[in-house]
Amino acid sequence: MKPLQPKSIIEPFRIRSVEPIRMTTFAQRRQALAAAGWNPFQLRAEDVLIDLLTDSGTGAMSSRQWAAMIASDESYAGAASFYRFEAAVRDITGFKHVIPTHQGRAAEHILFSCIAKPGDVIPSNAHFDTTRAHVENRGARALDLPCAEARDITARHPFKGNIDLEALRRVLAEASPGTVPAVMMTVTNNACGGQPVSMANLRAASEIARAHRVPFIIDACRFAENAWFVKTREPGYGDRAPIDIAREMFALADACTMSAKKDGMANIGGFLALNDDALAARCRNLEILTEGFPTYGGMAGYDLEAVALGLYEALDEEYLRYRIRSIEYLGEKLVAAGIPIVQPTGGHAVYLNASALLSHLPAAHYPGWALNNALYLVGGVRGVEIGSVMFGRQPDGSERLAETDLVRLAFPRRVYTQSHVDYLAEVIVAVAEQKRELTGYRIVEQAPVLRHFTARLEPLAPLGG
Ligand code: F0G
């Protein structure tokens, strides 16, 4: 007898608690979307069949996490749950000081309040929106230096999340002394399609930063997914455990910010971890003001317990193989059907190229928005437009259209199975087949900032069906 060499990568868990999905008809969905001002952010989640709005805080926890949560210590100061959390973060990241926060942006707020001042510049492979907002909130400049391959959304480069090392060298060499408080690396690179950063690139960027005595900081939200890509794509790492790879990544840095809602496998939580004693003291002082006492920092004891275990579960090889494979599997189906996507598929999401798919719609008619709404109407799927509605409005009120409208389909962790993914592919293909019938949208009401969350829109022509 020979053991099976399976072709199917099965979900590496059994499901012991289920949450029903409410089935809806086309007519119900049309009514719900119209009532939501044609804005999926305004939908009730129970009107969505497959919710791919974000992978943040939407994952399923394990029975071990739930068990640990029941046994949490909710003491205000010095809770045992905090020490378990601190030990886990230290074990994986190696940083001396662990400052819990209620989510990733709270860690960013504390960090940048303590290190950035007006006129500073903070280079990155690409800042996530909240990171950029916190940098800018301090009057500093958030500078994206993605590698050249990142700009070509169909180029199949293994590490399109990398930073442009030459550009980083130039920025640091030309900056006035004391105006670059940090170099930031986002792993994986969410703003560039969830693409990974290679260890070689992290090491080189870290060396450049150190040569200029500039702290090197990792935005670690999806550090485990990045470790998996290093293991499977970077020569020399194939035999290494994801946890070792993660430790090697963190050893290159002076600090990290983390949203535990992603690779912390929790519904809420985050942290800032760092080595510098004096900076840690300043951060803790601010934390008390905005988050809470430094041994809970905006989290309940049970949240600390969930993250302490979740960080290790995110590094489990079987889990990572299944996670990255589910996304790649959807990507393969879409490419086979001729649907344009960002390639290769990244760690947490598939990004559809709405501008290419709906090439009959001009950018000013918001093809990304139209595609995302069609996915909902046709199959009850909710993604998110990353394009002109999200980024087009300028501070002076003018409109600058995005070069390419994308729709991000982000996968919650351990929530959907292969049949959900098969269904998803069917929905996307069905939408593509009727693309000529899709109309654009116009905005009828919008807020001055972050308009995509609350804007009300209108289809430019009556919808068929
Ligand atoms: N950094 C990155 C790379 C992120 O993707 C996010 C959140 C944050 C920081 C902020 O963390 O939400 O816990 O405050 N990304 C979510 C998303 C919202 O949908 O991509 P947070």
Side-chain angles (χ1 to χ4, degrees), residues 40-41 45 51-59 99-113 122 124-137 142 144 146 150 160-163 182 184-197 202 217-227 229 249 253 255-273 287 290-291 297-299 303 306-307 310-311 314 327 342 346-351 372 382-387 390-391 406-413 415 450 452-453:
F41 278 106
D51 203 346
L52 307 177
L53 187 62
T54 178
D55 64 322
S56 181
T58 50
I99 298 177
T101 60
H102 78 278
Q103 62 183 86
R105 66 198 70 183
E108 293 161 5
H109 171 67
I110 292 172
L111 176 70
F112 291 116
S113 299
I122 297 174
S124 171
N125 52 343
H127 291 273
F128 180 67
D129 325 9
T130 56
T131 322
R132 168 177 301 281
H134 280 296
V135 168
E136 290 173 354
N137 192 35
D144 289 347
K160 284 168 86 171
N162 284 352
I163 194 167
M184 190 99 185
M185 287 287 268
T186 313
V187 303
T188 57
N189 191 339
N190 191 7
C192 293
Q195 300 290 323
V197 182
L202 278 166
I217 301 179
I218 293 180
D219 174 341
C221 297
R222 300 180 181 85
F223 75 100
E225 290 168 7
N226 203 78
F229 284 115
M249 283 181 340
C256 76
T257 54
M258 174 73 187
S259 167
K261 301 172 74 172
K262 284 91 168 169
D263 280 349
M265 295 288 211
N267 298 125
I268 195 76
F271 56 82
L272 167 63
E287 168 171 59
T290 60
E291 291 286 288
M299 294 165 82
D303 298 326
V307 177
L311 292 168
I327 287 153
V342 174
H348 65 295
V350 169
Y351 293 68
N372 193 35
R382 172 162 69 171
V384 65
E385 183 248 26
I386 301 191
M390 188 178 267
F391 297 123
L406 301 174
V407 170
R408 184 185 78 169
L409 304 172
F411 282 42
R413 291 169 180 75
V415 168
L450 298 174
H452 54 289
F453 291 127

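Counting convention: from 1, in listed order, for ligands and their atoms alike. Hydrogens, waters and symmetry mates play no part in the numbers below; they use all other heavy atoms, side chains included.
Residue contacts with ligand 1: His348 is excluded, as none of its non-hydrogen atoms falls under 4.0 Å. Under the 4.0 angstrom criterion for non-hydrogen atoms, Cys221 is in contact with ligand 1.
The main-chain N or O of Arg105 is found under 3.5 Å from a side-chain atom of His134 such that the two form a donor-acceptor pair. Arg132 places a side-chain N or O within donor-acceptor distance of the main-chain N or O of Ala142, the cut-off being under 3.5 Å. Judged by distance alone, with hydrogens and angles left aside, the side-chain atoms of Gln103 form no donor-acceptor pair with the main-chain N or O of Ala260 at under 3.5 Å. Judged by distance alone, the side chain of Asp303 and the main-chain N or O of Ile268 form no donor-acceptor pair under 3.5 Å. A distance-only check finds a donor-acceptor pair linking the side chain of Asn372 to the backbone of Gly383 [under 3.5 Å]. For Asn189 (side chain) and Gly161 (main-chain N/O), a donor-acceptor pair under 3.5 Å exists by modelled atom type.
The shortest contact between atom 9 (C) of ligand 1 and any protein heavy atom is with Glu108 OE2, 3.1 Å. Among protein heavy atoms, the minimum distance from atom 1 (N) of ligand 1 is reached at Asp219 OD2, 2.7 Å. Among all non-hydrogen protein atoms, the one lying nearest atom 8 (C) of ligand 1 is Phe128 CD2, 3.4 Å. Protein heavy atom at the shortest distance from atom 21 (P) of ligand 1 is Gln103 NE2, 3.3 Å.
Heavy-atom contacts of Gly104 reach the following atoms of ligand 1: 11 (O), 13 (O), 14 (O), 21 (P) (cutoff under 4.0 Å). For ligand 1, the atoms closer than 4.0 angstrom to any heavy atom of Arg105 are 11 (O), 12 (O), 14 (O), 21 (P).
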*May I have the step-by-step check of salt bridge (Lys or Arg N to Asp or Glu O under 4.0 Å) for Arg413 and Glu225, ending in yes or no?*
CA-CA 11 Å; Arg413 291 169 180 75; Glu225 290 168 7; 3.1 Å; yes
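When the options Ala220, Ser259, Gly269 are ranked by their closest heavy atom to atom 13 (O) of ligand 1, first place goes to Ser259. Among Val187, Thr186, Asn190, the residue whose heavy atom sits closest to atom 5 (O) of ligand 1 is Asn190. Scanning Lys261, His109, Lys262 for the heavy atom closest to atom 11 (O) of ligand 1 points to Lys262.
Any N or O atom pair closer than 3.5 Å counts here, and Thr130 shares no such pair with ligand 1. On a distance-only criterion, Arg408 and ligand 1 share at least one N/O pair closer than 3.5 Å. Checked against a 3.5 angstrom limit, the closest N/O atoms of Thr131 and ligand 1 fall outside it. At least one N or O atom of Thr54 sits closer than 3.5 Å to an N or O atom of ligand 1. Residue Leu53 has no N or O atom closer than 3.5 Å to an N or O atom of ligand 1.
Taking the centre of each ring, His348 and Phe411 stay at or above the 6.0 Å mark.
Between Thr58 and Val415 the shortest side-chain heavy-atom distance does not fall below 4.5 Å.
Shown here are the side-chain hydrogen bond (donor to acceptor under 3.5 Å, both in side chains) partners of Ser56, two or more places apart in sequence or in another chain: Lys262.
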